[in-house]
Amino acid sequence: MISRVLAADLPRHVGGRVRIAGWVHRRRRLKTVTFLVIRDRSGLAQVVLAESGGPPEETVVEVEGLVTANPQAPGGLELTEPSVRLLSEPAEPPPFDLYRPSVAAALPTVLDNAAVALRHPRLKEVFAIAAASVAGFRSALDGLGFTETHTPKIVSSATESGANVFGIDYFGKRAFLAQSPQFYKQALVGVFERVYEVGPVFRAEPHDTARHLAQYTSLDAELGFIEGHHDVMAVLREAVAGMAAAVPRTEVVVPEEIPEIHFTEAQEWLARTSGEDPRGEPDLAPAHERLLSEWALREHGSEFLFVTGYPMVKRPFYTHPDPERPAYSNSFDLLFRGLELVTGGQRLHRHADYVAALAERGEPAEPYRDYLSVFAHGMPPHGGFALGLERWTARLLGLPNVRQATLFPRDLHRLTP
């Protein structure tokens, strides 16, 4: 019996007979011969049929043949003297030609037919790069002594940011889809000291933009025994460098020390140079993030920029204030090519500080009882961050819409496929 050989491994079998299997990527029929290009998970292989015919595109086939050198064929090899067996025939053609080098379809067509459209090598490659990025993230944090965790995505209370959550019926009770693993990863710092998670998060925000999703993949990390938010930023730098290094042929360079600018300094610079005066605003506008990223690239040669010290009024109640400037926080955003990619910072860690922070915001402590109990039992100074995988992938590849880096997007209008 001849075992299956992948297209990428054919160079090791020149002169021998092999069995390949995959989809008919392209069929080119001439008068006396037909060329079939077979696609499998590793790449493409050409098969030469001594007849004008052969199965149409997207037919699933198994081919046994002689591996023959041919510089004109994909990869310089082809299968001759073949025997072709049909495993499955398509009932209808794909929504666009998958064999063409570029994608000849608009984004809605691609998304509506994602299960088939993603077979296109160029579209498929996006998600291979996303997978490599996650592997790089895991490898970097494993090397720093982190433990991977998996926390609940159904929660009993919408305590992190109120209205922007999805409510669900949980056996007759009200429950919610988790906006982040924030509370759980903080609790697990008390167990493992350093934890991370890769998983879905859900945001019921009515944004219909090229950078927002209702569900996305969050790469979260939390670590204990820190001196301040700069310790978290140092770990984030290692994680991002690991992600970039894991992606083949990436041109992204992560500086050994990512430049940073304080929020107030950023606003002063914008007031001087942008023709606008954002001073007094609690956050940066997308246009301001782009201007700051251009400045970082021009002045520091870096596609990354840390903006630190966001106002406390813009950060969650668990954020640690700057001891020297209590109106500002020990927090940060990481901008990448003009877009906020990561949010993080130092958290409060003393029980009394949490009670005081909630009281200052006029919120009762009772809804946070389980969360606060973690800090009643002793927690070290800690902090963490969350990175959106789809934003990272889209920015890395220069894709204009985050949906192009999402397998089956969920947004304000899309619930299928």
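Counting heavy atoms from C-beta outward, Pro56 and Arg27 have side chains that approach closer than 4.5 Å. Using a 4.5 Å heavy-atom threshold, the side chains of Phe166 and Gln179 count as separate. Contact annotation: the side chain of Leu98 never approaches that of Pro121 to less than 4.5 Å [non-hydrogen atoms, C-beta and beyond]. Residues Ser302 and Leu297 are not in side-chain contact: their nearest non-hydrogen atoms beyond the backbone lie 4.5 Å or more apart. In this structure the side chain of Pro108 never reaches within 4.5 angstrom of the side chain of Leu111, judged on heavy atoms. With a 4.5 Å cut-off on side-chain heavy atoms, Val201 and Tyr216 count as touching. No side-chain heavy atom of Val61 sits under 4.5 Å from any side-chain heavy atom of Leu36. Residues Asp208 and His413 form a side-chain contact, since some pair of their non-hydrogen atoms from C-beta on lies under 4.5 Å apart.
Gln46 contributes atom CD, which lies 5.0 Å from atom CD of Glu78 (distance to the nearest 0.5 angstrom). Distance CZ/Arg315 to CG/Asp283: 7.0 Å, rounded to 0.5 Å. Atoms CZ and CD, from Arg410 and Gln215 in turn, are 7.5 Å apart once rounded to the nearest 0.5 Å. For the atom pair CG (Leu396) and CZ (Phe336), the distance works out to 5.5 Å, reported to the nearest 0.5 Å. Atom CG of Leu177 and atom CD1 of Ile154 lie 7.0 Å apart (nearest 0.5 Å). Atom CZ of Phe385 and atom OG1 of Thr343 lie 11.5 Å apart (nearest 0.5 Å).
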### Leu144 vs Leu223, side chain to side chain contact (heavy atoms under 4.5 Å, CB included): CA-CA, chis, key distance, verdict
CA-CA 10 Å; Leu144 293 173; Leu223 59 148; over 6 Å; no
#### Entry: Met243 vs Leu387, side chain to side chain contact (heavy atoms under 4.5 Å, CB included): CA-CA, chis, key distance, verdict
CA-CA 11 Å; Met243 294 171 71; Leu387 183 158; 4.0 Å; yes
#### Entry: Worked verdict on Tyr196 versus Lys185 for side chain to side chain contact (heavy atoms under 4.5 Å, CB included)
CA-CA 7 Å; Tyr196 71 87; Lys185 67 179 183 176; over 6 Å; no
### Task
Decide salt bridge (charged side-chain N to carboxylate O under 4.0 Å, His left out) for Glu125 and Arg122; before the verdict, give the C-alpha distance in whole Å, the side-chain angles of both, and the deciding distance to 0.1 Å.
CA-CA 5 Å; Glu125 180 64 15; Arg122 181 166 290 184; over 6 Å; no
### Message
For Arg391 and Leu341: C-alpha separation, side-chain torsions, deciding distance, then whether side chain to side chain contact (heavy atoms under 4.5 Å, CB included) applies.
### Response
CA-CA 7 Å; Arg391 282 194 182 186; Leu341 178 68; 4.1 Å; yes
### Task
Carefully, step by step, assess His262 and Thr264 under the rule side chain to side chain donor-acceptor pair (under 3.5 Å).
CA-CA 5 Å; His262 193 274; Thr264 56; 2.9 Å; yes
#### Entry: Glu276 and His288: CA distance, side-chain angles, deciding distance, side chain to side chain donor-acceptor pair (under 3.5 Å) verdict
CA-CA 10 Å; Glu276 302 178 30; His288 297 155; 3.2 Å; yes
List the atom pairs, donor and acceptor, that lie under 3.5 Å between side-chain atoms in residues 247-260 and the rest of the protein, sequence neighbours left out.
| unit_1 | atom_1 | unit_2 | atom_2 | d |
| --- | --- | --- | --- | --- |
| Thr250 | OG1 | Val252 | N | 3.2 |
| Glu260 | OE1 | His230 | NE2 | 3.0 |
| Glu260 | OE2 | His230 | NE2 | 3.1 |

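Nearest heavy-atom pair, Ala246 versus Gly136, reported as atom, atom and distance to 0.1 Å: CB-CA, 3.6 Å. Taking all atoms of both residues into account, the shortest heavy-atom contact from Arg403 to Thr209 is NH1-O, 2.8 Å. Closest heavy-atom contact between Ala394 and Asn401: CB-O, 4.5 Å. Here the closest non-hydrogen pair linking Ala117 and Leu123 is O-CD1, 3.2 Å. In terms of heavy-atom proximity, Ile20 sits nearest to Ala45 at CD1-CB, 4.1 Å. Minimum heavy-atom separation, Phe96 to Ala105: CD2-CB, 3.5 Å.
Within the 3.5 Å criterion, the main-chain N or O of Arg100 finds a donor-acceptor partner in the side chain of His120. A donor-acceptor contact shorter than 3.5 Å links the side chain of Asp40 to the backbone of Ala7. When atom types are taken as modelled, the side chain of Ser139 and the backbone of Ala135 share no donor-acceptor pair closer than 3.5 angstrom. The backbone N or O of Pro316 sits less than 3.5 Å from a side-chain atom of Thr319, completing a donor-acceptor pair. A donor-acceptor contact shorter than 3.5 Å is absent between the side chain of Glu64 and the backbone of Arg17.
In the displayed structure, Arg298 atom CZ is contacted under 6.0 Å by more than 12 heavy atoms of other residues, nucleotides or ligands. No more than 12 heavy atoms of other residues, nucleotides or ligands lie within 6.0 Å of OH in Tyr170, so this atom counts as exposed by the packing criterion. Within 6.0 Å of CD in Glu89 there are 12 or fewer heavy atoms belonging to other residues, nucleotides or ligands. Other residues, nucleotides and ligands contribute at most 12 non-hydrogen atoms within 6.0 Å of the CZ atom of Arg350.
Shown are Thr147, Leu219, Thr151, Leu188; of these, the side-chain contact (heavy atoms from CB on, under 4.5 Å) with Glu197 is made only by Thr151. With Tyr354 as the fixed residue, the ring pair (Phe, Tyr, Trp, His ring centres under 6.0 Å) test singles out one of Tyr368, Tyr371, Tyr318: Tyr371. When Val63, Val24, Leu79 are each tested for a side-chain contact (heavy atoms from CB on, under 4.5 Å) with Val84, only one passes: Val63. Each of Trp269, Phe332, Tyr310, Phe306 was checked for a ring pair (Phe, Tyr, Trp, His ring centres under 6.0 Å) with Phe263, and the lone residue meeting it is Tyr310.
With respect to Glu58 and Arg39, a salt bridge is recorded, a charged nitrogen being found less than 4.0 Å from a carboxylate O. Asp97 and Arg26 are not joined by a salt bridge, as no carboxylate oxygen comes within less than 4.0 angstrom of a charged side-chain nitrogen. The pair Arg279-Glu268 meets the salt-bridge criterion, with a side-chain N (NZ, NE, NH1 or NH2) lying under 4.0 Å from an Asp/Glu carboxylate O. Between Arg211 and Glu289 there is a salt bridge, since at least one side-chain N of the basic residue sits less than 4.0 Å from a carboxylate O of the acidic one. Looking at Asp353 and Arg347, no side-chain N of the basic residue comes within less than 4.0 Å of a carboxylate O on the acidic one, giving no salt bridge.
Ring geometry, His349 versus His320: the interplanar angle falls under 30°, so the pair is classed parallel (tilted spans 30 to 60°).
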